[in-house]
Number of protein chains: 2
Amino acid sequence: MAGLRERQKAKRHRAIIQAASTLFKQNGYEAARIEAIAEAAEVSVGTFYNYFEHKADLLLAIVSMEVEEVLHQGEGVVAAPPGDAYEAICALVATYYDHSLVYLTKEMWRTAMAFSIQSPDTPFSRRYRELDQQLSEQVVALMTRLQQGGLLRAGVDTRAFGELTFLGLNGLFTTYTVTEGMALDALKAGMFRQVRALTTQIGTSEGA
Amino acid sequence: MAGLRERQKAKRHRAIIQAASTLFKQNGYEAARIEAIAEAAEVSVGTFYNYFEHKADLLLAIVSMEVEEVLHQGEGVVAAPPGDAYEAICALVATYYDHSLVYLTKEMWRTAMAFSIQSPDTPFSRRYRELDQQLSEQVVALMTRLQQGGLLRAGVDTRAFGELTFLGLNGLFTTYTVTEGMALDALKAGMFRQVRALTTQIGTSEGA
DNA sequence: CTGCAAAACTGAACCAGTTCAACTTTTTTC
DNA sequence: GAAAAAAGTTGAACTGGTTCAGTTTTGCAG
């Protein structure tokens, strides 16, 4: 059975994330002071740092949730992709993009990305890269499956193309988070164009 | 003729960049205190902030220099590319990568990237994106030229492929700066593989 | 139940980037 | 060339994330 200590720890952990989540949505990440988060979670500042190494670690908790859900949804697409290479890849891309603002704002994404680049040796950064890695693998998996289904040419290096596609969709996503005025539709349109160019070249004519 | 004020301003600007450059190389970007930079430039902290809005703006000065030189070298490649699509694109990529550590360390790159993502509305960020944009355009220009020379298939959307290639080389470069143990050769090898996969599919057989 | 060790909590102090009101220097005006 | 205006300089104070020495709480052995 879990002791008092364990239970309290879990409760506080949840309370802090809850408080942070609320304050982030309310006033943005930057504007949310640690002091305010601690207060809202009924905890001292010192205790906050007992649970999280950095303010940014709060984001990681949210980003992880986000990406894990996206990976799960993505599995569905890979398992039963549309019967056309262009449609299939776009479906996966759209799954990623559409989910991206459920828990996070653009500002929060920017902060998470920036932190993961700036401090690569933190647990945060390692985990973030790991999640990216998994997304990349999923794109590769889809391409491999399309190839097996005869929708991509036999000679295509699906790993290389999958990774390239991921880097592309990731790069465009960064542009999107960095451009306050850019809507989700513009992001999708941009990526769909890349996918169109790609599948026109490496796809077979089966689904054209 | 330039007044005393103008001359002093230019002199101080140079002195600060000079001091910062030295200290950054010596102990790294993070470790270089504004106070120390100001002191080395024989200027007060307040004056420093009269010349640069943020500490990171010092990086921009260096990054700009860096990228401008790279763009210049890249022009050479685009103007007279090797007679094979794979070789040509790799040559451009290598030009970019080889130059990347002349003025900047990995840590400095990370800081610059992180800042440009984190604070998109600063002059720093805008300029950084502009430089990225120019690099991207250069890749597109090369691809277009290769297509005109019959080294890429006629139907290929060189803009889409060029931009995708840039996003790819950029993404791998980020991985490189974030992985302290990764050597330049590993970075190049990774990108060359992508280019190989790409040119195998969209290249003509002329230079095979 | 008592005492002790380990774990967790606390908030005042720390640190480094940034700001700003007072001061100095340069330029302009007459 | 004196006086006012404009521009630039200064460092002490501010800000907000992070640390840490001292205190409290919990778990456990006797």
Side-chain angles (χ1 to χ4, degrees), chain A residues 1-16 19-20 23-24 26-61 107-108 110-112 114-116 118-119 121-125, chain B residues 1-16 19-20 23-24 26-61 107-108 111-112 114-115 118-119 121-125:
Chain A
M1 101 190 75
L4 173 57
R5 202 155 253 177
E6 292 289 309
R7 269 178 291 130
Q8 280 230 328
K9 225 159 121 176
K11 196 179 85 181
R12 286 199 162 127
H13 198 271
R14 251 179 291 118
I16 293 171
L23 288 176
F24 287 168
Q26 217 163 75
N27 315 308
Y29 173 85
E30 286 247 29
R33 304 284 149 237
I34 298 283
E35 216 174 325
I37 295 171
E39 198 171 337
E42 295 184 309
V43 138
S44 77
V45 169
T47 296
F48 171 87
Y49 277 96
N50 232 326
Y51 287 81
F52 297 90
E53 224 177 315
H54 305 277
K55 185 184 180 186
D57 287 333
L58 289 167
L59 282 184
L60 182 61
E107 186 216 9
M108 288 160 80
R110 287 198 303 264
T111 306
F115 191 88
S116 83
Q118 176 85 274
S119 312
D121 285 333
T122 56
F124 182 113
S125 186
Chain B
M1 104 191 73
L4 174 56
R5 200 153 253 176
E6 291 289 308
R7 269 177 291 129
Q8 281 230 329
K9 222 159 122 178
K11 196 178 87 184
R12 285 195 162 131
H13 199 271
R14 253 180 289 118
I16 293 172
L23 288 175
F24 288 169
Q26 217 163 75
N27 315 309
Y29 173 84
E30 286 246 28
R33 304 285 149 237
I34 298 283
E35 215 173 327
I37 295 171
E39 198 171 335
E42 295 184 307
V43 137
S44 77
V45 169
T47 296
F48 170 87
Y49 278 96
N50 231 327
Y51 286 81
F52 297 90
E53 222 176 316
H54 305 277
K55 185 184 179 187
D57 286 333
L58 288 168
L59 282 183
L60 183 60
E107 187 216 10
M108 287 159 81
T111 307
F115 190 87
Q118 175 86 274
S119 312
D121 285 333
T122 57
F124 182 114
S125 186

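Only a predicted model underlies this, so the values are computations on that prediction, with no experimental measurement involved. Quick note on labels: first sequence line is chain A, next is B, and so on, each numbered from 1.
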Sequence neighbours excluded, which residues qualify as side chain to side chain contact (heavy atoms under 4.5 Å, CB included) partners of B:Ser125?
-> B:Ser116, B:Pro120, B:Thr122, B:Arg129
What residues, two or more places apart in sequence or in another chain, satisfy side chain to side chain contact (heavy atoms under 4.5 Å, CB included) together with A:Leu60?
-> A:Ser64, A:Phe124, A:Arg127
Is there side-chain contact between B:Asn50 and B:Val43, with heavy atoms separated by less than 4.5 Å?
-> no
In whole angstrom, give the distance that lies between atom CD of B:Glu39 and atom P of D:dT10.
-> 12 Å
Here the distance between atom P of D:dT26 and atom NZ of A:Lys11, to the nearest Å, is 11 Å
Here the distance between atom C1' of D:dG27 and atom CD of A:Gln8, to the nearest Å, is 13 Å
Using the test side-chain hydrogen bond (donor to acceptor under 3.5 Å, both in side chains), find all partners of A:Glu107 that sit at least two apart in sequence or belong to another chain.
-> none
OP1, OP2 of C:dA8 versus side-chain N and O of A:Arg12: anything below 4.0 Å?
-> no
Heavy atoms only: give me the nearest B:Gln118-A:Ala114 pair and the separation to one decimal.
-> CB-CB, 3.9 Å
Which whole-number value in Å describes the distance from B:Leu23 CG to C:dA16 P?
-> 14 Å
Selection residues 28-45 of chain B - residue pairs positive for side chain to side chain donor-acceptor pair (under 3.5 Å), sequence neighbours left out = B:Ser44-B:Thr47
Residue set satisfying side chain to side chain contact (heavy atoms under 4.5 Å, CB included) with A:Asn27, at least two apart, ordered chain then number -> A:Leu23, A:Ala31
Could you check how far CG of A:Asn50 sits from P of D:dT26, rounded to whole Å?
-> 15 Å
ring-ring contact (aromatic ring centres under 6.0 Å, His included): which pairs involve residues 35-57 of chain A, sequence neighbours left out?
-> A:His13-A:Phe52, A:Phe48-A:Phe52, A:His54-A:Phe115
N/O to N/O distances under 3.5 Å, protein versus nucleotides 5-7 of chain C:
unit_1	atom_1	unit_2	atom_2	d
C:dA7	O4'	A:Arg5	NH1	3.2

Could you go through nucleotides 16-20 of chain D and list every protein N or O atom that sits under 3.5 Å from one of its N or O atoms, giving the distance for each pair?
unit_1	atom_1	unit_2	atom_2	d
D:dG16	O5'	A:Arg33	NE	3.3
D:dG17	OP1	A:Arg33	NH1	2.8
D:dG17	OP1	A:Lys55	NZ	3.2
D:dG17	OP2	A:Ile34	N	3.2
D:dT18	OP1	A:His54	ND1	3.3
D:dT18	OP2	A:Tyr49	OH	2.5
D:dT18	OP2	A:Lys55	N	3.1
D:dT18	O5'	A:Tyr49	OH	3.3

Just checking B:Tyr51: base, sugar-phosphate only, or nothing, at a heavy-atom cut-off of under 4.0 Å?
-> sugar-phosphate
Between CD1 of A:Ile16 and C1' of C:dC9 the distance, given in whole Å, is 11 Å
List in chain and number order the residues that pass side-chain hydrogen bond (donor to acceptor under 3.5 Å, both in side chains) with A:Arg12, two or more places apart in sequence or in another chain; answer none if no residue qualifies.
-> none
